[in-house]
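The structure appears right after this line, and notes come after that.
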Amino acid sequence: MVGSILGGAFRLLRQHPLSVLVWAILYLVGVFAIGLLRILIAPADPANIAGAIGAGLLSQGLALALVAVLVTAATRATLHPYKRGACYLRLGANELRVFALLVLLTIATLVVTFLLTLANGLLLGLLGWLVPATATGWLGAALLLAELAGLIFVQVRLSIALPLTYLYETITVDEAWAQSRGHFWSIFGAFALLGLLIALAGLVLLALFFLPILATLGQTGANVQALMETVLMIVLAAKNLPAASQLLLVSGMLALVALGFVLMTATLASAARTMLGLQDGQIEDLRRARG
């Protein structure tokens, strides 16, 4: 099933290369513009907390709106390729629903993170009274790993909520949880393999410019200290590259980031299609099933 999910994502790249290129450019330009806007509207006075919060909320909202438009476009191209337009980009009810879902998921994530932080502080404080200090560190690490695993599990199970919101034309979270039951490892494996492929592509790109440094890492072994030293050496070496090489390196890295984002969104849509066994043109049936 992992191959089927990823196959659907890469099929989008093969069948609609122009759309993928436009989405990638819009993503990069949009992220840069939103970041620049946040800098421009940020209050000069660090004590202006209200202004800082307002600037953060505006930039975050714009970022979610950008993601909603691009995710919906990729979903539309993956599930309903016959609905052609300007690279499948639209501004309508589908985009608004996906945006609303992204806002709800973002708020839920912040609330859960805040509550977990409070609970961890109380629990670790209690453990500090009951167990030795050395054991507290290990228990704290185990607790954090368990919580991280739980968050990943929930995020993977709910990941197809975005394409399902597009398909059902209504905001849905419970349906994503139900449809992904028993398919956690398939969805997680697809995302993990895609992430590995993007990481390998990035490593190949770095090797084109810094092969001697990476070869040194292979000789010393990939421990934490060696990795940190290698990253520092790459940063220093990058500063000494010719301007043309620096431009190529930065452009290549940005292209990988944008391509990774587009393929991740296409993977979401492909996963939803695989879970539901959909064929083109079934959206009317899905509406009736929900009704």
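Worth knowing before you read on, the calculation uses all heavy atoms, side chains too, and leaves out hydrogens, waters and symmetry mates. Residues: numbered from 1 along the sequence shown.
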Could you list the donor-acceptor pairs under 3.5 angstrom formed by side chains in residues 179-188, with sequence neighbours left out?
{"residue": "Q179", "atom": "NE2", "partner": "E175", "partner atom": "OE2", "Å": "3.0"}
{"residue": "S180", "atom": "OG", "partner": "R157", "partner atom": "O", "Å": "2.8"}
{"residue": "S180", "atom": "OG", "partner": "R157", "partner atom": "NE", "Å": "2.8"}
{"residue": "S180", "atom": "OG", "partner": "A176", "partner atom": "O", "Å": "2.8"}
{"residue": "S180", "atom": "OG", "partner": "W177", "partner atom": "O", "Å": "3.4"}

Residue pair S245, L249: steps toward the side-chain contact (heavy atoms from CB on, under 4.5 Å) verdict: CA-CA 6 Å; S245 297; L249 176 61; over 6 Å; no

Determine, step by step, whether L66 and L62 satisfy the side-chain contact (heavy atoms from CB on, under 4.5 Å) criterion, reporting the C-alpha distance in whole Å, the side-chain angles of both residues, the deciding distance to 0.1 Å, and the verdict. CA-CA 6 Å; L66 173 65; L62 291 175; over 6 Å; no

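Minimum interatomic distance between A74 and L12 (heavy atoms only, all atoms of both residues): O-CD2, 4.3 Å. Taking each heavy atom of T172 and A161 in turn, the nearest pair found is O-CB, 3.4 Å. Here the closest non-hydrogen pair linking A272 and I160 is N-CG2, 3.9 Å. Among all heavy-atom pairs drawn from S59 and R38, the shortest one is OG-CD, 3.3 Å. Closest approach of L79 and A269 over heavy atoms only: CD2-O, 3.6 Å. Scanning both residues, V262 and A24, for their nearest heavy atoms gives CG2-N, 4.1 Å.
Taking the six-membered ring where the residue is Trp, the centroids of Y88 and H80 are separated by 6.0 Å or more.
V67 has its side chain out of reach of T265: every pair of non-hydrogen atoms, C-beta onward, lies at least 4.5 Å apart. Inter-residue side-chain proximity for T75 and L162 is flagged as unmet; no heavy-atom pair is nearer than 4.5 Å. Side-chain contact between F209 and L248 is present, with heavy atoms from C-beta onward closer than 4.5 Å. Counting heavy atoms from C-beta on, the side chains of Y27 and V257 come closer than 4.5 Å. At least one side-chain heavy atom of V22 sits less than 4.5 Å from a side-chain heavy atom of L89. In this structure, the side chains of R90 and T72 stay at 4.5 Å or more apart for every pair of heavy atoms. The closest side-chain heavy-atom distance from F99 to V69 is not below 4.5 Å. Contact annotation: the side chain of F191 approaches that of T267 to within less than 4.5 Å [non-hydrogen atoms, C-beta and beyond].
To the nearest 0.5 Å, atoms CG (L101) and CG (L96) are separated by 11.5 Å. Taking OG of S159 as the start and CD1 of I152 as the end, the distance is 12.5 Å to the nearest 0.5 Å. Of the inter-residue distances, the one linking I198 atom CD1 with M264 atom CE reads 7.0 Å to the nearest 0.5 angstrom. How far CG of L254 is from CG of L28: 5.5 Å, rounded to the nearest 0.5 Å. To the nearest 0.5 Å, atoms OG1 (T78) and CG (L268) are separated by 9.5 Å. Between S19 atom OG and R76 atom CZ the span is 11.0 Å, to the nearest 0.5 Å.
Under a hydrophobic clustering in which Ile, Leu, Val, Met, Phe, Trp and Tyr are joined whenever their side-chain heavy atoms come within less than 4.5 Å, directly or via other members, L64 and V111 fall into the same cluster. Note on L105: it does not cluster hydrophobically with V112, by side-chain heavy-atom contacts below 4.5 Å among ILVMFWY residues. Cluster annotation: L259 and F32 are assigned to distinct hydrophobic clusters (Ile/Leu/Val/Met/Phe/Trp/Tyr, side-chain heavy-atom contacts under 4.5 Å, transitive). I171 and L91 end up in the same hydrophobic cluster when Ile, Leu, Val, Met, Phe, Trp and Tyr side chains are linked at under 4.5 Å. Under a hydrophobic-cluster definition in which Ile, Leu, Val, Met, Phe, Trp and Tyr are linked whenever side-chain heavy atoms come within less than 4.5 Å, directly or via other members, L148 and L115 are assigned to the same cluster.
Residue-environment remark: CZ (F153) exceeds the threshold of 12 foreign heavy atoms within 6.0 Å. In L37, the CG atom is crowded: over 12 heavy atoms of neighbouring residues, nucleotides or ligands sit closer than 6.0 Å.
Panel note: side chain E147, backbone L144; no donor-acceptor pair is recorded below 3.5 Å. Between the side chain of W23 and the backbone N or O of F261 there is no donor-acceptor pair closer than 3.5 Å.
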